[in-house]
Amino acid sequence: MNREERLERMRHSAAHIMAEAVQSLFPEAKFGIGPAIENGFYYDFELPRPLTQEDLPIIESKMKEIIDADLPFIREEVSKEKARLLFATQPYKLELINELPDAIVAIYKQGSFTDLCRGPHIASTGEVKAFKLTHIAGAYWRGDERQPMLQRIYGVAFDSQAELEDYLLRQAEAAKRDHRKLGKELDLFSIHEEIGPGLICWHPKGALIRQIIEDFWKAEHIKQGYDIVYTPHIAKLDLWKTSGHWEFYRDYLYPPMEVEGQQYIIKPMNCLGHIMIYKSQLRSYRDLPLRYAELGTVYRYERTGVLHGLARVRGFTQDDAHIFCRPDQTEAEVMGVVELAKFMISTFGFGDYELLLSTRPEKYAGTIEMWEGATESLKRVLEKLKLPYKLDPGEGVFYGPKIDIKLRDALGHAWQGPTIQVDFNLPQRFNVCYIGADGLEHNVTMIHRTVLGSMERFLACLIEHYGGAFPVWLSPVQAVIIPIADRHIDYTHQVGNELEEEGIRTQVDDRSERMNLKIREAQLNKIPYMIIVGDNEVASSNVSLRLRSGEDIGSQTISQVKAKIRRDIEAKC
RNA sequence: GCCAGCGUAGCUCAGGGGUAGAGCAGCGGUUUCGUAAACCGCUGGUCGUCGGUUCGAAUCCGACCGCUGGCUCCA
C-alpha cells in the first residue's frame, strides 16, 4: 500500500470516528456520507440544532477518547434486508442501501458506531495519529440544491503531529497570499457596496499591472495572426434569442432595458459581435481561418453566494477570441491555441496547472458524428503535445466539446482559466458560412477561446501565485530611491531621472522620514529594488542597492543598476 | 440562491443594555538618521441600514444590505 492509499484509508476512518463522536453527543443525528478528501475528511449530518465553532473542540476531545481506546474496525457483510433493519432510523443510509446494486452490502463497526461503508479502513482507531476539525459548512444532501441541507464538518488528518502542524502553518502562510487581502494592502483594486457586489474598481497600481498584461497579450496575439476587434457592450435582445442564450443562459443575463421600444441586454459573451463582423462580408474558403480577438468586458448575473474577490465576479473582461475556420483546419487551430495558452501562462510563472477535456453532455446541439470528430481532434492535439489531461465526461457545453485549463489559488482551490471550446451551434443558428472550392456554402467551425480566462480571475491567481511580489516587468513600482538624510534628496532625484529615462518605473521617497521606515514600507509594498543613497554614494556618484529578498548588494554604479534592472525586466522574471 | 458565522474610526481589532476604545494611518510639530516601524501633540465613529423591545440599544429581537467559510453553479 502506498502512502496516498494509506492516508486516504486513515482519513476515511477518521470520518467514521467523528461520526461516532457526533452520535454520542447527538443520539438523534442522521448520517449522510463521510469520505476522505485531499488532506482530510468530512462527514455530513442532520442535527437537532446548528453547530457552532465551539462544538468542534468538544467533538475533537470525544474523538480523542475513541482513538485512545484503540477500537478495532470490524467489517461485516449483510443482506440488504438486514441492513435496512440496522439503519431503520437513518433515512439517508436507507436511500443509499436501496440504490446499491448487490444483494449483500458491507458495514463497518467501531465501538458504538456502525456505518454503511464499502471500506477499506485501518485496523483500529488508534492508527489515527494527528487530526484537527477545521470548519463547519452547509452541504446539500447528494450535492443537489433541491435536497435538504445537512451540516458538514471538515477535518484534516496526517501521519504525525509534525505533519499536521506543518500543514496548518502552510495554510496560514497561504492565507497571507489571499488576493483579497493583498489587493487591499498593495492598493490594487477595490469592491464597493455602493457600486454593487462582484464589480471591480481597479486602482492605479492594479490597473497598471493589468495594462502590462493586456499589452503583452495583444502583441502576442498579433504575432499569432489574430486581428484585434471591438464590439458593443449592449445589443438587442433578439440577437440573444437567435443565439439561444436567452433560452439556455437566461439565469445569468441581466434583465433587458427598453430603448426606443426595443429591448436591449448587456452582453454576457463576446461571440455575437464577432459573428456579425464575420458576416459583414461573403467569406471564401481561402480567407479562413479568421481569428478575431477582443479584451471584451461581459456582465453575468452570478448568485451572491458564489462571488469571491476578483476570482468570481459579475463584470469581467475575457481575453476572448473566436476563430472561424474550415472543419479541416480545426485541429491545427486548436493546436495553435493550446500552445499559445501554454506559452502565456508559463510566461506568468504558472508551471502547475490541470488540463481537462470535457465531452458531450446530455443536452447537446449538432450531431453525434460532429461531436465525436471534434472530441477526437481535441484529444489528438493534447496527445501530440504530450500534455497530461483528465477526461471530464459529459461536462462539455451544450454547443461543443472543450479543453479547460485550471489554475490554483494560494489555498489550493482550482479556478478555470483558459478554455478552448468548439461550437457547432452558433454557426448554424446564424448561418455562419464560407464559400467552398465547390462554390457552395458551408458552415464554419467556430472556436471560442481564452488563453488567460478573464483579466479579473487571472489577476487573482497571479497575485496569489507571487504573493504580491510580482516579477519586475509586472511590478507597478520597480525601484524606490531612498535618501538617508534630506541633504541627499537632490541626488536621489538625479538618480530617479536617470532610471526613468531608462524606462524603469521609479519612485523617489523624499518624505521627511527615517530611512528605516522607507525601507520597511518598500518591503511591505514588495518593490523589487531599493536604491539607497547617503554621503558615500553622493561622494562616489554611486548608489547602494537592496533587493526585496532582503539581500544587500551594496555599492554599484548607476549604469550597473540600470543594466541589472533592464536585464531582469527583459527576462520577465 | 441555500446553511452557518460576521459587520465598531481609512486599516487591523478590543468592548457588549446606562449613551464609544487601542495600535497603525492622517494632520501639526520636533528629529536628519546607513538597510524592516524616531519622538510629542491633535483630529477622526449617527458602532452596515431600517424597524421593534426597553426609562434607556453599538449591545437584545426581526427584516434588508454586504462580507467570510462551504454547498450548488462558473471565466
Side-chain angles (χ1 to χ4, degrees), chain A residues 42 44 46-47 49-55 134-154 178 180-181 184-185 187 191-194 196-198 249 251-252 268-270 296 298 300-314 316-320 395 397 404-407 411 413 415-419 421 448-458 460-461 482-489 512-525 530-537 544-548 550-554:
Chain A
Y42 68 77
D44 290 342
E46 187 185 297
L47 299 172
R49 66 162 172 87
L51 291 168
T52 69
Q53 202 63 30
E54 288 76 58
D55 290 314
T134 54
H135 56 288
I136 308 159
Y140 297 110
W141 168 238
R142 316 202 99 178
D144 183 340
E145 60 184 328
R146 290 161 304 191
Q147 299 269 14
M149 182 157 277
L150 306 178
Q151 300 193 64
R152 176 173 295 178
I153 304 176
Y154 283 94
D178 190 313
R180 294 166 299 183
K181 187 175 152 69
K184 200 179 278 180
E185 287 171 5
D187 193 18
I191 301 171
H192 303 265
E193 196 172 337
E194 297 88 331
Y249 209 69
D251 290 347
Y252 294 95
M269 291 180 176
N270 302 303
V298 298
R300 299 183 187 171
Y301 168 73
E302 299 284 354
R303 304 202 282 180
T304 50
V306 307
L307 300 173
H308 182 91
L310 292 179
R312 187 83 184 267
V313 293
R314 285 183 172 166
F316 56 102
T317 300
Q318 292 183 302
D319 65 301
D320 214 352
E395 287 303 307
V397 213
D404 289 328
I405 300 180
K406 295 199 172 193
L407 304 174
L411 287 163
H413 186 283
W415 292 97
Q416 186 176 322
T419 181
Q421 311 177 343
H448 307 247
R449 44 109 288 174
T450 66
V451 292
L452 300 175
S454 72
M455 299 315 296
E456 288 74 10
R457 184 173 286 178
F458 190 72
C461 291
I482 299 172
I484 286 175
D486 286 355
R487 62 178 176 280
H488 310 122
I489 286 180
S512 178
E513 293 289 351
R514 291 175 75 227
M515 174 205 60
N516 286 303
L517 180 87
K518 295 179 183 181
I519 288 178
R520 176 179 152 81
E521 289 185 355
Q523 285 287 151
L524 292 174
N525 285 315
M530 283 155 261
I531 293 165
I532 292 138
V533 301
D535 290 336
N536 298 338
E537 286 70 26
S544 176
L545 180 63
R546 178 194 159 101
L547 307 181
R548 64 184 160 192
E551 192 183 353
D552 184 0
I553 306 277

Next on the checklist: Whether the A:T419 and A:D404 side chains hold a donor-acceptor pair (N or O, under 3.5 Å, no angle test) is what I'd like checked.
Outcome noted: yes
Checklist entry - Residues in side chain to side chain contact (heavy atoms under 4.5 Å, CB included) with A:D535, at least two apart? => result A:R487, A:H488
Sort me out a list of protein N/O and nucleotides 73-75 of chain B N/O pairs below 3.5 Å, or just none if empty.
| residue | atom | partner | partner atom | Å |
| --- | --- | --- | --- | --- |
| B:C73 | O2' | A:Y252 | OH | 2.2 |
| B:C73 | O2 | A:R312 | NH1 | 2.7 |
| B:C73 | O2 | A:R312 | NH2 | 2.4 |
| B:C73 | N3 | A:R312 | NH1 | 3.0 |
| B:C74 | O2 | A:R457 | NH2 | 2.9 |
| B:A75 | OP2 | A:Q416 | OE1 | 2.9 |
| B:A75 | OP2 | A:Q416 | NE2 | 3.3 |
| B:A75 | O3' | A:Q416 | O | 2.6 |
| B:A75 | O3' | A:Q416 | NE2 | 3.1 |
| B:A75 | O3' | A:G417 | O | 3.0 |
| B:A75 | O2' | A:Q416 | O | 2.7 |
| B:A75 | N6 | A:E302 | OE2 | 3.4 |
| B:A75 | N6 | A:V313 | N | 3.4 |
| B:A75 | N6 | A:V313 | O | 2.7 |
| B:A75 | N1 | A:V313 | N | 3.4 |
| B:A75 | N3 | A:S454 | OG | 3.1 |

Checklist entry - Of all residues at least two apart in sequence or in a different chain, which pass the side chain to side chain contact (heavy atoms under 4.5 Å, CB included) check with A:Q523? => result A:I519, A:M530, A:R546, A:R548
When you compare the protein's N or O atoms with those of nucleotides 3-6 of chain B, which come within less than 3.5 Å of each other, and at what distance?
| residue | atom | partner | partner atom | Å |
| --- | --- | --- | --- | --- |
| B:C3 | O2 | A:G138 | N | 3.2 |

Checklist entry - Who are the side chain to side chain donor-acceptor pair (under 3.5 Å) partners of A:D251, not counting sequence neighbours? => result none
Checklist entry - Are A:D178 and A:R180 within salt-bridge range, i.e. N to O under 4.0 Å? => result yes
Checklist outcome for this item: Residues passing the side chain to side chain contact (heavy atoms under 4.5 Å, CB included) test with A:V298, sequence neighbours excluded, are A:K267, A:N270, A:R300, A:F316, A:Q318
All N/O pairs under 3.5 Å across the protein-nucleotides 29-31 of chain B interface:
| residue | atom | partner | partner atom | Å |
| --- | --- | --- | --- | --- |
| B:U31 | O4 | A:S512 | OG | 2.8 |

Checklist entry - Quick one: ring-ring contact (aromatic ring centres under 6.0 Å, His included) partners of A:Y42, sequence neighbours excluded? => result A:Y154
Next on the checklist: The criterion is side chain to side chain donor-acceptor pair (under 3.5 Å); which residues satisfy it with A:W141, sequence neighbours excluded?
Outcome noted: A:E95
Next on the checklist: Using the side chain to side chain contact (heavy atoms under 4.5 Å, CB included) criterion, which residues pair with A:T317? Sequence neighbours excluded.
Outcome noted: A:R210, A:L295, A:T297, A:M455, A:E456
Checklist entry - Does the side chain of A:H488 get closer than 4.0 angstrom to OP1 or OP2 of B:G34 through an N or O atom? => result no
Next on the checklist: Both atom distances under 3.5 Å, Watson-Crick or G-U wobble: I'd like the secondary structure of RNA chain B as a dot-bracket string, with | for pairs made across strands.
Outcome noted: (((((((..((((....[..)))).(((((.......))))).....(((((..]....))))))))))))....
For nucleotides 60-65 of chain B, tabulate all protein N/O to nucleotide N/O atom pairs closer than 3.5 Å, reporting atom names and distance.
| residue | atom | partner | partner atom | Å |
| --- | --- | --- | --- | --- |
| B:C65 | O2' | A:E193 | OE2 | 2.9 |

